[in-house]
Amino acid sequence: MAVELDVFVGNTTIMDEEVYQLWLDGYTVNDAVKVRMEGGVLEEYEASADVLLSDTMDQYRTFQMCERLLHSPAKLANQLLFQIPPHRQTVLIERYYAFDDAFVREVLGKKLSKGTKKDLDDISAKTSVTLKSCRRQFDNFKRVFKVVEELKGPLVENIRQHFLLSDKLARDYAAIVFFANNRFETGKRKLQYLTFQDFAFCAGLLINNWTVGAVDNMVDDMDVDLDKEFLQELKELKILITDKDLLDQHKSLVCTALRGKTKSFNEMEANFKNLSRGLVNIAAKLTNTKDVRDFFIDLVEKFIEPCRSDRWTAADMKLYLTHYTNSAHILDTFKHQVVWDRYMNVIKSCIFKMYHD
């Protein structure tokens, strides 16, 4: 008796996203099997423990074979070994380059070198991120840094195109590259309250406003290096604190605008000169590499902490900095408005972001 059979053969690579995440998180095969068992996968598929172990090992092997392609994501789309649908490729890449905020916070601003890599054991213990996952994340940071270091053009766009990342993740990597290049200090105790996203927000502002690329978007290292000409021009702002008449006039204009609008008016008036000196001195010292590194610690010590100790609200801060910035435009003898705006627009937004518990 003849039997007709319909046979379908497919070679689409099967990848379980939950197992992929366990692999990325640095779980061993046995630990991954335990997690899957606890999640009820045996009951769901009516499978035995041996089948689950075999399936997990098979998936881990596939991920390990894919890993070298993930180092250059564009290769994933052009290879024939693994038949992975485009939407699944996007998930694999995005997840592979994702990172733990607790981990990135520990390495942010440090040199992406062997010296930092040696500290990964300690960072793993401190953050509870497995050592294997720490290594993957660190190597990803280093790989992206090395690739974009050689490229002209906008930093975020270069990262997006070369690593096929989402806009959000590309922006986060741009912040990591920018901080590593300029070696900003982020580890001091006074800065511990700030999150990676606080720093990433500020990095975006600095990249878009203070780098060479903010002026000319096809120069070398455009989005990574601060515009030296601009940093030099910032020294001109010192006149706001060295010229006594100008300082008094600025104070008078700001206080007139603030009077009756905030409960912190008396503190604002009393501290005006110290706060103004703090902000202008930060600007004037940015030609020194060490002072660039201390940029965030200086903002906290010279401005944020004094305001916090006077119990300013976030609304007070916005009100004060808005009038402080705008009033400089009315000063007759102050001729550096363009540099002032380029400086203060970034400083204002950074302080608004950083002013929290």
Side-chain angles (χ1 to χ4, degrees), residues 20-28 31-32 63-64 67-68 70-72 93-150 155 159 162-163 165 168-204 206-207 221 223-226 288-301 354:
Y20 183 52
Q21 194 57 54
L22 293 168
W23 178 73
L24 290 174
D25 289 342
Y27 283 76
T28 62
D31 286 342
F63 300 142
Q64 277 149 6
E67 189 162 20
R68 64 184 178 78
L70 289 164
H71 291 171
S72 308
I93 295 163
E94 193 79 0
R95 292 255 191 107
Y96 188 78
Y97 283 90
F99 51 80
D100 292 279
D101 279 5
F103 173 74
V104 73
R105 188 64 189 77
E106 292 298 318
V107 298
L108 191 65
K110 290 183 177 163
K111 209 170 179 181
L112 299 173
S113 63
K114 284 179 184 168
T116 307
K117 197 165 186 177
K118 282 179 191 165
D119 298 336
L120 293 185
D121 283 359
D122 296 335
I123 294 173
S124 170
K126 184 177 175 183
T127 59
S128 301
V129 176
T130 64
L131 183 58
K132 194 176 172 200
S133 183
C134 285
R135 284 190 181 132
R136 171 182 60 81
Q137 294 177 52
F138 183 80
D139 289 342
N140 284 345
F141 299 161
K142 198 171 169 181
R143 187 180 310 111
V144 173
F145 184 93
K146 273 191 148 51
V147 168
V148 297
E149 200 179 18
E150 308 300 324
L155 183 57
I159 292 171
H162 277 76
F163 291 93
L165 304 180
K168 169 77 176 75
L169 194 53
R171 285 180 193 285
D172 284 347
Y173 268 90
I176 293 163
V177 168
F178 184 68
F179 267 70
N181 184 68
N182 292 287
R183 306 285 302 284
F184 289 108
E185 174 60 64
T186 66
K188 292 268 171 69
R189 194 172 55 79
K190 286 182 177 181
L191 297 175
Q192 288 306 307
Y193 81 98
L194 293 168
T195 64
F196 166 70
Q197 289 303 333
D198 290 336
F199 284 120
F201 176 83
C202 295
L206 293 166
I207 289 168
D221 295 339
D223 276 352
V224 187
D225 295 329
L226 294 171
N288 305 324
T289 310
K290 186 190 177 305
D291 290 300
V292 169
R293 285 183 192 172
D294 288 343
F295 175 70
F296 291 99
I297 195 86
D298 285 344
L299 275 185
V300 168
E301 287 181 348
M354 293 164 69

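Just so we're clear, the structure is a prediction, and the values are computed from it rather than from any experiment. Here, residue 1 is the first one in the sequence, and each next residue gets the next number.
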Please list all pairs meeting salt bridge (charged side-chain N to carboxylate O under 4.0 Å, His left out) that have one or both residues in residues 103-119, counting only residues at least two apart or in different chains. Glu106-Lys126, Lys117-Asp139
Using the ring centroid of each side chain, check whether Phe99 and Phe196 are separated by less than 6.0 Å. yes
Rounded to the nearest 0.5 Å, how far does CZ of Arg136 lie from CG of Leu131? 12.5 Å
Find out whether Val129 and Cys134 are in side-chain contact, i.e. whether some heavy atom of one side chain is under 4.5 Å from a heavy atom of the other. yes
Taking the side chain as every heavy atom from C-beta outward, state whether Leu165 and Ile159 have any atom pair closer than 4.5 Å. yes
Rounding to 0.5 Å, atoms CG (Asn140) and CG (Leu112) come to a distance of 11.0 Å
I need the Ser72 OG to Arg143 CZ distance, nearest 0.5 Å. 7.5 Å
State which residues pass side chain to side chain contact (heavy atoms under 4.5 Å, CB included) with Arg293; sequence neighbours excluded, sorted by chain then number. Arg183, Thr289
Would you call Lys132 and Trp23 a side-chain contact if the rule is heavy atoms closer than 4.5 Å? yes
Please examine the side chains of Gln137 and Val104, heavy atoms only from C-beta on, and report whether any two atoms are closer than 4.5 Å. no
Are Val148 and His162 close enough that some pair of their side-chain heavy atoms sits under 4.5 Å apart? no
Would you say Asp101 and Gln197 are linked by a side-chain donor-acceptor pair, where the criterion is simply a distance under 3.5 Å? no
Are Leu191 and Phe184 close enough that some pair of their side-chain heavy atoms sits under 4.5 Å apart? no
Report yes or no: is the cationic atom of Arg95 (NZ for Lys, CZ for Arg) closer than 6.0 Å to the six-membered ring centre of Tyr20, at no more than 45° off its axis? no
How long is the gap from CD1 on Ile123 to OG on Ser128, to the nearest 0.5 Å? 13.0 Å
Could you tell me which residues satisfy side chain to side chain donor-acceptor pair (under 3.5 Å) with Tyr173, sequence neighbours excluded, listed by chain and number? none
Give a yes or no answer on whether the side chain of Asp291 reaches the backbone of Asn288 with a donor-acceptor pair at less than 3.5 Å. no
Can you name the side chain to side chain contact (heavy atoms under 4.5 Å, CB included) partners of Phe201, sequence neighbours left out? Leu205, Ser349, Lys353
Ignoring hydrogens and angles, state whether a donor on the side chain of Glu67 or Tyr96 is under 3.5 Å from an acceptor on the partner side chain. yes
Return the set of residues passing salt bridge (charged side-chain N to carboxylate O under 4.0 Å, His left out) with Asp121 (not counting sequence neighbours), or none when no residue passes. none
Rounded to the nearest 0.5 Å, what's the gap from CZ on Phe63 to CG on Leu22? Could you check? 9.0 Å
Given the rule in the side-chain contact (heavy atoms from CB on, under 4.5 Å) test, do Tyr193 and Met354 qualify, once you have shown the distances and angles that lead to the verdict? CA-CA 9 Å; Tyr193 81 98; Met354 293 164 69; 4.0 Å; yes
Counting only heavy atoms not in Phe295 (residues, nucleotides, ligands), do more than 12 fall under 6.0 Å from its CZ? yes
Output the distance between atom CZ (Phe199) and atom CG (Leu194), rounded to the nearest 0.5 Å. 4.5 Å
Evaluate the side-chain contact (heavy atoms from CB on, under 4.5 Å) criterion for residues Val300 and Ile297: first the C-alpha distance (whole Å), next the side-chain angles of each, then the deciding distance (0.1 Å), finally the verdict. CA-CA 5 Å; Val300 168; Ile297 195 86; 5.5 Å; no
Which atoms form the tightest heavy-atom contact between Phe296 and Cys202, and what is the distance? CE2-CB, 3.7 Å
Kindly say whether Phe103 contributes a backbone atom to a donor-acceptor pair with the side chain of Thr127 at under 3.5 angstrom? no
Assess whether side-chain contact (heavy atoms from CB on, under 4.5 Å) is satisfied between Leu24 and Ser133, documenting all intermediate values. CA-CA 6 Å; Leu24 290 174; Ser133 183; over 6 Å; no
Examine distances only and state if a side-chain atom of Thr186 and a backbone atom of Leu108 form a donor-acceptor pair shorter than 3.5 Å. yes
Scanning both residues in full, the closest heavy-atom pair of Phe138 with Ser113 reads CZ-O, 3.5 Å
Quick one: which residue pairs count as a salt bridge (charged side-chain N to carboxylate O under 4.0 Å, His left out) with a foot in residues 185-197, not counting sequence neighbours? Lys190-Glu301, Lys190-Glu305
Just one of Ile207, Val147, Leu155 clears the side-chain contact (heavy atoms from CB on, under 4.5 Å) bar with Val177, so which one? Leu155
Donor-acceptor contact present, side-chain Asn181 to main-chain Val224, <3.5 Å: yes
